[in-house]
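Read through the structure below, which is laid out as structure tokens, and then see the notes.
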Amino acid sequence: MSGPDVHLLSVGTALPGPPVTNADLARRFGMDPLWEQWVDTFIGTTSRHLSIDLDSGVPKAELADLGERAGRIALVDAGVKAGDIDLVVMGTSTPDRLMPTTANVVADRLGIDQVASYQLQSGCSGAVQALDVARRLLDGDRFRTALVLGGDVVARFYDTSQDLRKLPPAQLVNFVLFGDGAGAAVLSTDPVPGSAILRTTATRLVGLGSAPGATLEWFGPNDRHSNRPPATEDYKAIEERVPTMAREVLGEILSSLSWNGEDIDYLLPPQLSGRMTEKVMALLGLPSATEVSCVAETGNNGNALVFFQLERAFDKMVRGERAVGVAIESSKWIRSGFALEGI
Amino acid sequence: MLIDEFLRILRDDLGLYLSDTDVDLELRDVAGWDSVHLLSLCTLLERRTGRELSLPEVLTAPTLASIYHLAVR
């Protein structure tokens, strides 16, 4: 990129309610202590936040509600007014509806208008894809300040009438892995004290000929009674491919910036589950970098995850410190990453 | 519960393609076996026998046959 540096000014996040623990899920779905022990041992996610009332199954919040909250926090923290935003980019796999886009609903609620706006249909790499699109569009003279959003709400996929004991494995894991949330960041070509430079962003589709590692369906009047499962997870393929893909991205990011592994102060690894993140960290092998993870407490909230990690890293970063983030999307296999440097 | 019923659970409910003697294989050598199948199997066994299993104890079982013996003891 030849234009001005793109700065991260602020990060905001929003969760739909208090944490739902494994014990809460066990109680709700009539699962026994063995099930809880299994989740602790093999998933390593202790809680998640859900936008439905677990007892009644009634939705409590839409993605636009969470995106609005996260966006408002990011705008206030950046000291930026709605009228200063000239670009909105949002990534999500679970928009509230196909039209209007959730990106535009959030913009409307925040008083943002007369801007370019884009919504990416995306999985766990979506936050990085949104950062990438925003950074590249800011690399010119058309735009100066972007609101970047990402989030997911799995309420419509969370069937509280389901008997978990009868679910096939590919659907069972979804009940413990996922959660809801949204995040937002303000990027600008104008730095402010405490901002960080977004040195690079990279995304690459690498799924040629590969079966999807995850699927999410949507249904209309003609196929609403289809037998297709609404959500599936090929956890075996994910376990096998994600650590290697993460290592490849990290190598690409470091190489593109001529940084060494020892130069990294904070590493934001992929957040599939607590245990998977441990495995990925072991393979990435950057013992001098501080791990910044959230999934064990937030659950895997998809397009929001990177913002929760960014929020934690951005709070700590001081001048000259470097952070690298990696996100992997298993639906059709996208690897992505980014790098930040405190100024 | 007889071993035939145990094999039926493995084949029909878990979808594993097993011969009768595969229950004596080390778990890592059982085709398709993973931690999610372990959870599904334990849940089905508890429901079938009406008795709770302890995960730490199940994790010490080296074969499917030894999981069966924990469930029916």
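Here is how names work: the chains are called A, B, and so on, in the same order as the sequence lines, proteins then strands, and each is numbered from 1.
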Heavy atoms of other groups near A:Arg28 CZ, more than 12 under 6.0 Å: yes
Other residues, nucleotides, ligands: >12 heavy atoms within 6.0 Å of A:Arg224 CZ: no
Enclosure of A:Gln121 CD (heavy-atom neighbours >12, cutoff 6.0 Å): yes
Value rounded to 0.5 Å, distance of CD in B:Glu57 from CD in A:Gln37: 10.5 Å
Distance (rounded to the nearest 0.5 Å) between A:Leu34 CG and B:Leu38 CG: 7.5 Å
From CG (A:Asp32) to CG (B:Leu53), nearest 0.5 Å: 8.5 Å
A:Pro33 versus B:Glu52, closest heavy-atom pair with distance: CD-OE2, 3.8 Å
Greater than 12 external heavy atoms within 6.0 Å of A:Arg312's CZ: yes
Main-chain N/O of B:Ser35 paired with A:Trp38 side-chain donor or acceptor, under 3.5 Å: yes
Verdict with supporting geometry, A:Tyr235 and B:Asp34, side-chain contact (heavy atoms from CB on, under 4.5 Å): CA-CA 10 Å; A:Tyr235 55 88; B:Asp34 62 28; 2.9 Å; yes
Test item: A:Thr41 and B:Leu59 side chains (from C-beta on) under 4.5 Å apart, heavy atoms: yes
